[in-house]
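Not measured: the values here are computed from a predicted model.
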Amino acid sequence: MHALACAWTSAAATAGICAHWRGGYAIIWEPAWPKERIALRDPSRKAVSFRNLTEYVQGNHLLHPSEIIAALERVSMKAQAQPFAGGNEAVIVAQR
């Protein structure tokens, strides 16, 4: 198992790190950025809205789980997401 801390400054950078792994698993627990911004008006999404704002100030942004999966699949990892906390969080598990 490999650990990625602050993995998503860029999906491409993280996928590049994973590309060098010969095998094993990657487990990523991230806030689940919604596909539609209108969903951020839901009171349960208030925290993720502010979290993304702090990421934006640092030059980053939160990704929707499908974006993370796509980046991992580009480096030949099989990945799937399991949303929880009402869809506000997701765990992405990838395997090579």
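- The ring-ring contact (aromatic ring centres under 6.0 Å, His included) test applied to F84 returns W29, not counting sequence neighbours.
- Listed by chain and residue number, P65, A90 satisfy the side-chain contact (heavy atoms from CB on, under 4.5 Å) test with A32 (two or more places apart in sequence, or in another chain).
- Qualifying side-chain contact (heavy atoms from CB on, under 4.5 Å) partners for K35, counting only residues two or more places apart in sequence or in other chains: H64, S66.
- When the options V93, L72, V91 are evaluated for a side-chain contact (heavy atoms from CB on, under 4.5 Å) with I28, the one that passes is L72.
- For residues 41-50, no residue pair satisfies the salt bridge (charged side-chain N to carboxylate O under 4.0 Å, His left out) rule, not counting sequence neighbours.
- Every residue two or more places apart in sequence or in another chain was checked for a side-chain hydrogen bond (donor to acceptor under 3.5 Å, both in side chains) with Q80, and none qualifies.
- Heavy-atom neighbours of Q58 CD from other residues, nucleotides or ligands within 6.0 Å: above the threshold of 12.
- Atom CZ of R96 sits about 11.5 Å away from atom NZ of K78, to the nearest 0.5 Å.
- Between the CD1 atom of I27 and the CD atom of Q95 there is a distance of 10.5 Å, given to the nearest 0.5 Å.
- For the atom pair CG of N52 and CZ of R37, the computed distance is 8.5 Å after rounding to the nearest 0.5 Å.
- Cluster partners of L40, by chain and number: W33, V48, L62. The rule joins Ile, Leu, Val, Met, Phe, Trp and Tyr whenever side-chain heavy atoms lie under 4.5 Å apart.
- Pairing each heavy atom of A26 with each of M77, the nearest pair is CB-CE, 4.2 Å.
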